[in-house]
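Before any comments, here is the structure.
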Protein chains: 2
Amino acid sequence: MPRPKTRIQIRNSETILEAALDVFSAHGFRGATLDQIAEVAGLSKPNLLYYFPSKEAIHHALLTRLLATWLDPLRDMDAAGDPVAEVMGYVRRKLELSRDYPRESRLFAIEILQGAPRMREAIEGELKALVAQKAKVLQTWMDEGRIARLDPVHLVFSIWALTQHYADFDVQVRTVLGDGRDPYAEAGAFLETLYTRLLAP
Amino acid sequence: MPRPKTRIQIRNSETILEAALDVFSAHGFRGATLDQIAEVAGLSKPNLLYYFPSKEAIHHALLTRLLATWLDPLRDMDAAGDPVAEVMGYVRRKLELSRDYPRESRLFAIEILQGAPRMREAIEGELKALVAQKAKVLQTWMDEGRIARLDPVHLVFSIWALTQHYADFDVQVRTVLGDGRDPYAEAGAFLETLYTRLLAP
DNA sequence: ATGGGTTTTGACCATACGGTCAGATGTTGC
DNA sequence: GCAACATCTGACCGTATGGTCAAAACCCAT
């Protein structure tokens, strides 16, 4: 039960988290069952509970691991870089995250939607602090007249909303677009246009 | 059990749906329990099941009722009106919907997030058809050079994403903004700027 | 007031679920 | 080869949950 040490522990913990991501992101915390996760992982239920003390613990491990990945693209927005290019880079990286890690996006979305019962502190701490820091960077760029003057926090919200939409509402997006289209390629082009126009000073 | 007829039936069906909206939007379908709904409604569990044959039926009734309300603002976008004003009007109405009916927004979001298991047909039918129709209107406006040339469907997606974000991620929005701010007022101003710049031909 | 329909409920049932445990099976260092 | 430890499992438990039912309470037109 201590943090993974042996080869088997590392491998099985990984297998379990991977399976749990599948199931939690598809059905939510309450909707997911240990039996389902065990099935997907190819392990027995008691064996899951040999590696993690509870269902809660699995979920918590997933969310913790997720948050870092999720915030990295914003962290990479560099105060020393070219303002427009930096924001556009953030938009692009965030959209790639939606495309490549849709399950993570949905897991996050479900958690926030339900009031973030298991993530409150992370949001109030790490996430809020990072946004505050980057908002300051954006504000400086605006004050210098290098990008249009906007509310920097709402600018960040808009990036989150527009990129995550494609992962979280995937079913709707694909249904409405119809077959034979590439949602993410089109989204990339659309968002490029949108932010080019929005940010122009 | 037949559709509401007597006063009592109308009143209690309403009470149940109202309570169910509270509980389903907060915990998702699986996370909600009939006991919770009964408690909020101030009725006994067997009494709920006197008015609706099952938990599924309550959920289904809610979603059906919701969809119409949800699509109305888009329906009201008038091909004969001024293009920019019509789109801005849609954005404004949709944001008001998020502000005034956040539970409905979350219920919808949870459903789509989980693959729309109980709404597939409505999305493939009514919703898809309406978007196709309005996309044509937008395309005409673009062809006439009255608004900027963009992918009309992604334009609609952007409106959904940006407005629903404020209802669905309410906890995050309020936490990041901090106290003493009015998320919806600020969002209104931000979106006004955004779409003004985006739509300018 | 009374009889027939409507509404409400306490008690109950079957199932599903998270979690436990004693013991079986595997693995590894010596 | 074997002791010591790590990994795994079948059987089981208590509780929660969706749903049923017979009977009670209520309502209302006559």
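Atoms considered below: every heavy atom in the structure, side chains included; atoms not considered: hydrogens, waters and symmetry mates. Please read all numbers here as calculations on a predicted model, not as lab measurements.
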key: B:H27: side-chain contact (heavy atoms from CB on, under 4.5 Å) partners, not counting sequence neighbours   = B:V23, B:Q36

request  = Going 5' to 3' through nucleotides 19-29 of chain C, assign each nucleotide B (protein heavy atom under 4.0 Å from a base atom), S (under 4.0 Å only from sugar-phosphate atoms) or - (no protein heavy atom that close).
outcome  = BBB--------

Set of salt bridge (charged side-chain N to carboxylate O under 4.0 Å, His left out) partners for A:E39, sequence neighbours left out = none

note = The correct set of residues in residues 23-31 of chain B placing a heavy atom under 4.0 Å from DNA chain D is none

message = If I take atom CG in residue B:D35 and atom P in nucleotide D:dT15, what distance separates them, rounded to the nearest angstrom?
response = 16 Å

remark   = Separation of C:dT7 atom P from B:N12 atom CG, nearest Å, is 8 Å

Inter-residue atom distance B:M119.CE - B:L107.CG, 0.5 Å rounding = 8.5 Å

key: OP1 or OP2 of C:dT6 under 4.0 Å from side-chain N/O of B:Q9   = no

query = Expressed in angstrom and rounded to an integer, what is the separation of A:I37 atom CD1 from C:dC17 atom P?
reply = 12 Å

ask   = Quick one: A:I16 CD1 to D:dC8 C1', roughly how many Å, whole number?
value = 12 Å

ask   = For A:E121, which residues count as a salt bridge (charged side-chain N to carboxylate O under 4.0 Å, His left out) partner, sequence neighbours excluded?
value = none

key: Results of salt bridge (charged side-chain N to carboxylate O under 4.0 Å, His left out) for B:E192 - residues two or more places apart only   = none

inquiry  = Check this one for me: any side-chain N or O of B:Y50 less than 4.0 Å away from OP1 or OP2 of C:dT9?
reply    = no

request  = Just call it for B:A32: base, sugar-phosphate, or nothing, with non-hydrogen atoms closer than 4.0 Å on any strand.
outcome  = sugar-phosphate

request  = Could you tell me whether the side chain of B:Y101 and the main chain of B:W70 form a donor-acceptor pair under 3.5 Å?
outcome  = no

request  = Hey, which sits more toward the 5' end of DNA chain D by its nearest nucleotide, B:Q36 or A:S44?
outcome  = A:S44

remark   = Picking from D:dT17, C:dT8, D:dT7, the nucleotide nearest the side-chain atoms of B:T33 would be D:dT17

Contact summary for A:A200 and B:R197, nearest pair of heavy atoms = O-NH1, 3.1 Å

query = Below 4.0 angstrom from OP1 or OP2 of C:dT7, is there any side-chain N or O of B:N47?
reply = no

ask   = What is the distance, rounded to the nearest whole Å, between atom CG of B:L48 and atom P of C:dT7?
value = 15 Å

remark   = OG (A:S158) and CG (A:D151) are apart, to the nearest 0.5 Å, by 10.0 Å

note = For B:F52 and B:I16, the nearest pair of non-hydrogen atoms, with its separation, is CE1-CG2, 3.7 Å

